Each structure stands twice: as structure tokens, then as C-alpha cells.
Amino acid sequence: MSHVTCTVTDGVADVRLDRPDKLNALSLAMVHGLGATARRLRRDPTLRAVVLSGAGRAFCAGMDLGSAARDPRGTARAFVPTWRGTNPLQEACWAWRRLPVPVVAATHGAVLGAGLQLALAADLRVTAPDARWCVMETARGLVPDMTGVRSLVQLVGIETAKRLTFTADEVSGTDAVALGLAGTASDTPYDDAHHLAARLAERRPEALAAAKRLFDRRWSAGDRRTFAAERRAQLRLLPGALGALKGMQGGRGPRSGRTDVPPAGQDAV
């Protein structure tokens, strides 16, 4: 049993870790279930956004090392990389970066170890103020190896990433926002994440996909390559955007679900 559930309503996927008796600690089955769920959603042409959350009292308390120890062969196989450049443990997180839609993580309770790495693989994060965030791997004599090193450096910079990793200090959701680990603190993170996802689902999906691709692929690229990628993406999007603008000028509604095209006479940003 993978203990990962997924329902799609109005283009928004609700993906939930559903092992509350273990604070949603990740078993190998859950690791594979997360990757498989993301790949399945990627094939859904109606998908517009995803919300990642955890059932019960926690988002995710990390890897269930006890279950991994009981399956040494499965654990060994989970370290073997595939043609994607990730192994199944890493793909459980990075698969959400590969989706062409925004992914919002709603976190509460424990956001520890592998759970923190999963949250950081989302595009946006809404956290409960009293959530417990921790890069806990070094406290167990390990390192964050589920794409967390890359995500940490992207979000908080190398010094803060090293400090959080070296010390394994626990920080609150409020502090996680201050550090840049999360974007918003809320007493109702699940509801607020869904409200945000619903807003994003109204945007032109091609534009959000291109924007996500630009940020993720060009984060550490040089200026010239980034500027060239911006130009290529905009040239692909421009005909549809101009068509939507002409439609509005002619008294018709915007196309492709886009609601952010400015009225005639105003400049697009």
C-alpha cells in the first residue's frame, strides 16, 4: 500500500500523504507512490495545479528508516539512478519539479528530513506558524540526499543551507518563512494552499508552464543563456496572448482560461 492519495477536482490535484499513524514518515512504497503519482498527473492534459499535504498531525516526519532496514534489497534498488538522472528516492521529490503546473505544499506539524525535502521540491509553500522544520539527516549521521541540497541552496543561499544542515536545528514555520524555506505562514495552510492553487488554475496554463520552466532551468545559468531562453519562451506564447487580447477588444472573453490579459489600452507587464 503506497499511502499516497490523489484526487483531481476542477483541474487541481489534491495529493496527500496518508499514513497519519506514523506521522506520514515515508516508506519505500510511499517513495515509489509519490513518483508514480507525479508521472501520472503529468499525462493529464486538464491538470492546472497541485496541492501536496499530509493527513493527520504532520506533513511528513521524514524517512521511515525502520521499514527501509527491513527491505535491504528494495533500499539498495532505491539508490540506483534512472535515465532521468535521479534515483527513486530523489524522484519522489524532483518529479514535482518536472510537472508543467504550479505545485503548492501545505505543511503543518513535522516537516522533517525527507519531508522537508519534499516540501522544498514544490514551487510554493504555505506553512502553519508552529510547524517544525528540520534538516535532520546529519543528526542521524547522514546527508540530505533527496534533492534537498539543491533546493536548499536555491531557496536560502549556501551559508544558511549549510548552517541548517550542519546543526540540524529545528525552526518553526514562522522562522521558515523568515529564512526563505516557505513563502507564507497561515493558521489554515491546507485551505490557503487550495485557494492559491485555484487562483493559479485560472491563469493561462502555457504561460505558467513556460515561467516554471524558465525559473527551474535557468536558476544557475549565465545571463546570456537566460535572456535567450526568455526570448524563446515569449515568442512561443505571444501569438496566443495577442489572440486573447484581440478577442477582448472584440467583446469576447479571453482564451485558454487566461484571466490576466490587460484591457485594451493598457500595457502588458
Side-chain angles (χ1 to χ4, degrees), residues 2 4 13 15 17 24-42 50-54 59-65 68 74-107 110-125 127 133-166 168 171 176 179-183 212-221:
S2 74
V4 178
V15 178
L17 305 177
N24 299 315
L26 298 181
S27 64
L28 289 178
M30 292 173 74
V31 165
H32 291 293
L34 282 165
T37 299
R39 289 191 293 273
R40 185 171 68 251
L41 288 173
R42 191 174 184 179
V50 175
V51 174
L52 282 174
S53 67
F59 175 69
C60 175
M63 277 296 299
D64 183 348
L65 295 182
T75 300
R77 287 194 296 270
F79 278 90
V80 178
T82 70
W83 61 271
R84 298 182 185 90
T86 52
N87 63 35
L89 292 161
Q90 295 165 330
E91 192 65 13
C93 298
W94 208 250
W96 305 101
R97 291 282 187 102
R98 300 187 202 279
L99 287 182
V101 301
V103 178
V104 185
T107 67
V111 191
L112 309 178
L116 181 144
Q117 295 181 77
L118 177 60
L120 297 190
D123 300 297
L124 306 167
R125 283 151 294 281
T127 184
W133 291 68
C134 180
V135 186
M136 67 184 299
E137 284 81 1
T138 53
R140 294 178 169 178
L142 302 169
V143 295
D145 68 332
M146 294 173 65
T147 73
V149 169
R150 181 168 179 79
S151 296
L152 279 165
V153 172
Q154 286 178 338
L155 289 167
V156 302
I158 193 165
E159 180 168 344
T160 299
K162 286 181 177 179
R163 177 164 56 84
L164 291 170
T165 303
F166 293 170
V171 300
L179 289 169
L181 292 169
K212 177 172 178 173
R213 187 165 54 247
L214 279 169
F215 280 115
D216 287 348
R217 293 184 180 178
R218 301 298 165 182
W219 186 259
S220 58

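Computed over heavy atoms, backbone and side chain alike; hydrogens, waters and symmetry mates excluded. Remember, predicted model here, so these are calculated numbers, not experimental data.
Residues V135 and P144 share a closest heavy-atom pair of CG1-CG, 4.1 Å. Contact between V101 and K212 at its shortest, heavy atoms only, is O-NZ, 2.8 Å. Nearest heavy-atom pair, Q90 versus D145, reported as atom, atom and distance to 0.1 Å: CG-O, 3.2 Å. Minimum interatomic distance between M136 and A168 (heavy atoms only, all atoms of both residues): CA-CB, 4.2 Å. Residues L152 and A161 come closest through the heavy atom pair CB-CB, 3.8 Å. The two residues N24 and M30 come nearest to each other via the heavy atoms O-CE, 3.9 Å.
The only option from L52, V15, V50 that meets the side-chain contact (heavy atoms from CB on, under 4.5 Å) definition with T37 turns out to be V15.
Checked against side chain to side chain contact (heavy atoms under 4.5 Å, CB included), T160 has the following partners two or more places apart in sequence or in another chain: V156, R163, L164, L179. With sequence neighbours left out, the side chain to side chain contact (heavy atoms under 4.5 Å, CB included) criterion links R84 to R39, T82, T86, E91, R98. By the side chain to side chain contact (heavy atoms under 4.5 Å, CB included) test, A114 is found to be paired with L26, M63, M146, residues two or more places apart in sequence or in another chain being considered.
Of the possible donor and acceptor atoms, none in the side chain of R125 sits under 3.5 Å from a partner among the backbone N and O of V104. Distance alone, capped at 3.5 Å, is enough to place a donor-acceptor pair between the Q117 side chain and the G148 backbone.
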Could you walk me through whether S151 and W94 satisfy the side chain to side chain donor-acceptor pair (under 3.5 Å) test, starting with their C-alpha distance in whole Å, then the side-chain angles of each, then the deciding distance to 0.1 Å, before giving a yes or no? CA-CA 10 Å; S151 296; W94 208 250; over 6 Å; no

Test log, rule side-chain contact (heavy atoms from CB on, under 4.5 Å), inputs Q154 and L120: CA-CA 10 Å; Q154 286 178 338; L120 297 190; over 6 Å; no

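When side chains are defined from C-beta on, L112 does not count as touching F59, because their heavy atoms never get closer than 4.5 Å. Side-chain atoms of R42 and P100, non-hydrogen and from C-beta on, do get closer than 4.5 Å to each other. Using a 4.5 Å heavy-atom cutoff, the side chains of D123 and W96 are not in contact. Within the 4.5 Å cutoff, no side-chain heavy atoms of V103 are placed close to those of R97.
For the atom pair L65 CG and S27 OG, the distance stands at 12.0 Å (nearest 0.5 Å). Taking NZ of K162 as the start and CD of E159 as the end, the distance is 8.5 Å to the nearest 0.5 Å. If you take CG on D64 and CG on L28, they are separated by 8.5 Å, rounding to the nearest 0.5 Å. Rounded to the nearest 0.5 angstrom, L34 CG and L17 CG are separated by 5.5 Å.
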